[in-house]
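When reading the values below, keep in mind they use all heavy atoms of this one structure, side chains included, and skip hydrogens, waters and symmetry mates. We name chains A, B, ... by the order of the sequence lines, and we start the count at 1 in each one.
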Amino acid sequence: MAESPITARAQDFAAWYQDVVLQGDMAEPAEIVKGCMVIKPNGYAVWEGLQRELDQRFKASNHQNVYFPLLIPQSFLQKEAEHVEGFAPELAVVTIAGGKELEEPYVIRPTSETIVGHFFGKWIHSWRDLPMLLNQWANVVRWELRTRMFLRTTEFLWQEGHTAHSTHEEALEETLRMLDVYAEVAEDIMAMPVIKGVKTRAEKFAGAVRSYSIEAMMQNGLALQAGTSHDLGQNFGKAFDVQFQSKEGQLEYVWQTSWGVSTRLIGGLIMTHSDDKGLVLPPKLAPIPTVLVPIYRKDEERAQVLEAAHRIAKEVGAKVDDRDGQSPGAKFFHWERRGVPTVLELGPRDLASGKIVLKRRDTGTKEPVDQTAIAGRLTETLADIQTNLFTRAKERMKANTVLANSLEEVELILKDATAERGGGKFVMAHIKDDPVCDARLKEFKTTVRNIPLVDEYDGPGKCIVTGETVAQRAVIAKSY
RNA sequence: CGGGGCGUGGCUCAGCCUGGUAGAGCGCCUGGUUCGGGACCAGGAGGUCGAAGGUUCGAAUCCUUCCGCCCCGACCA
């Protein structure tokens with residue numbers, strides 16, 4: 001029995017995560033480029049799945065894909081005061097090109113609100129040009145000091161939606177619509193339950209009027225901001241002079257939104273479902289939903305088993321692992337670590353009995369199935385795994401959510417929680433949306449994740465910092 | 001940027017203190033026997049010891065400088 005290459009979650013959650021990413025062949029640190037990673041085929045295929053699911057929803061709500069330059073004139077960032085302040089510390093700047101010092105440096109986009117704002121200004125003149133609903137699939141660079149694969153890397157892949165509207169109502173509607181899309185993909189496709197809510201003013205996007213987020217809970221109880229949608233108001237419209245003439249003939253600034261999810265989602269996916277044996281992928285995102293491992297000893301068995309294996313695999317859409325010189329056991333471990341949802345085992349015994357063994361990744365259970373019934377059973381099982389993963393994650397989130405009615409209580413609950421040791425909780429408490437309150441939480445490395453759009457608790461109560469009455473409880477947690 | 005750790009075959013590391021012919025396990029290649037949860041035997045390939053400089057008859061080992069990576073903190077999708 002070989003030693004597991006994966007650190008147990010209970011021992012060191014952060015080490016476990018790294019091991020799962022590496023052993024699952026999802027990505028590896030680039031090493032030669034600070035803070036960057038190489039996304040490997042198994043990981044990129046998951047990203048392609050997410051792209052597919054998101055993109056079709058964007059298109060269904062009338063968004064069109066576009067592409068803006070990677071390089072943005074430095075002065076653009078400075079046009080929106082809050083925006084530049086928020087992003088300046090983490091910019092990578094190109095100062096030399098073509099062997100010459102540039103007159104004006106370019107920043108490598110950390111996000112594209114500014115350059116989009118510039119072009120919106122050129123493109124939008126009339127109420128007839130609105131709404132303008134664009135999305136961009138791109139890479140961005142943010143010079144983060146502390147990186148973790150998928151969760152925070154210097155360069156990452158994402159999509160950023162940018163829209164312009166003639167009224168604030170319409171923009172807000174868009175902001176919330178896209179938040180819903182994110183929640184739907186997170187829950188229905190990734191099987192990752194999330195809480196939709198509004199960020200506090202202290203935590204909002206630099207340059208937004210209001211930011212909304214979906215927050216997920218990882219297995220160590222830490223929160224992960226899985227997607228954000230921003231109501232930008234007229235901030236960028238004014239900064240980039242994006243005006244249109246209304247039906248009434250008035251010149252007005254547009255109301256904008258922006259929204260994004262990134263490859264960070266993959267990190268969330270991993271930390272939501274995977275176990276001590278490695279990666280666990282939900283069927284709807286698994287690049288390979290089923291692998292068939294043939295088992296044989298003698299050459300004549302080999303021929304018979306492989307013939308049946310390929311026939312059945314073709315029928316059910318499975319990949320046959322017919323690599324020679326690898327024992328079945330080694331193959332089981334191989335696919336288990338890669339998160340493949342279902343594995344079929346077919347050997348001489350099964351050929352004799354007309355059965356095939358179906359093993360599922362989420363529960364580890366094995367079940368012999370009549371070969372004639374395997375296609376249907378497999379479809380059912382994959383659907384059941386998808387449901388089960390979501391249910392499990394949802395229950396875990398519920399079990400690790402607690403109420404608190406004082407700052408001391410919150411601190412006591414979250415004091416010892418860390419990414420490595422775990423112990424995190426979602427603490428539901430009344431807290432005023434005031435930077436002063438956020439600052440108090442920060443003293444013990446905790447933040448308001450969001451104020452849920454739907455209050456599932458007890459309505460108004462007294463703020464744990466100021467004592468003032470606030471409308472409902474917010475999610476307080478340690479986060480990535 | 002502050003504190004700590006580490007750079008030696010593809011990977012994980014030993015060797016360094018006390019200078020003297022570069023090692024192990026895993027992986028890889030070849031052949032054979034195996035195969036229902038990480039098989040075994042035999043043979044084999046593979047290393048400018050992070051870089052530069054210095055000390056020395058002689059440096060992976062001692063000294064200096066530099067580079068990179070990881071962890072902890074401040075920053076964050």
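- At a threshold of 4.0 angstrom between heavy atoms, the contacts of A/L151 include nucleobase atoms, whether or not backbone atoms are also involved.
- Note on A/R337: a base of the nucleic acid sits closer than 4.0 angstrom, heavy atoms only.
- Heavy atoms of A/Q225 sit under 4.0 angstrom from primed sugar atoms or phosphate atoms, though from no base atom.
- In this structure, A/S211 reaches neither bases nor backbone, as no heavy-atom distance under 4.0 Å exists between it and the strands shown.
- Residue A/V293 is classed as having no contact, given no heavy-atom separation below 4.0 Å to the nucleic acid.
- As judged by a 4.0 angstrom heavy-atom cut-off over every strand, A/K199 is placed among residues making no nucleic acid contact.
- At least one side-chain heavy atom of A/R201 sits less than 4.5 Å from a side-chain heavy atom of A/R210.
- Between A/D324 atom CG and B/C29 atom P the separation is 13 Å, expressed in whole Å.
- Across all strands shown, B/C26 pairs with B/G10; the Watson-Crick or G-U wobble distances both stay below 3.5 Å.
- A/G347 comes within 4.0 angstrom of a base, heavy atoms only.
- As rounded to whole Å, 16 Å separates atom P of B/G73 from atom CZ of A/F444.
- Comparing A/A330 and A/W158 against RNA chain B, the residue whose closest nucleotide sits nearer the 5' end is A/A330.
- Minimum atom distance to the side chain of A/S327 is reached by B/A39, of the listed B/A77, B/C35, B/A39.
- For B/C62, the paired nucleotide is B/G54, the pair qualifying as Watson-Crick or G-U wobble because both relevant distances are below 3.5 Å.
- As a whole-Å value, the separation of A/F13 CZ from B/C71 C1' is 18 Å.
- Side-chain proximity of A/L145 to the nucleotides B/C71, B/A77, B/A74 is greatest for B/A74.
- Neither OP1 nor OP2 of B/A77 sits under 4.0 Å from any side-chain N or O of A/T228.
- Under the 30°/60° scheme for interplanar angles, the aromatic rings of A/F87 and A/H83 are found to be tilted.
- Contacts of A/K442 with the nucleic acid, taken as non-hydrogen atoms under 4.0 Å apart, involve only primed sugar atoms and P, OP1 or OP2.
- Rounded to an integer number of Å, the gap from NZ of A/K331 to C1' of B/C35 is 9 Å.
- A/E160 comes within contact range of no nucleotide atom at all, as no heavy-atom separation falls under 4.0 Å.
- Here A/P348 lies in heavy-atom contact (under 4.0 Å) with a base.
- Closest to the A/Q18 side chain, of the nucleotides B/G36, B/A77, B/C71, is B/C71.
- When the P atom is compared between B/G20 and B/U33, the two are found 47 Å apart, to the nearest whole Å.
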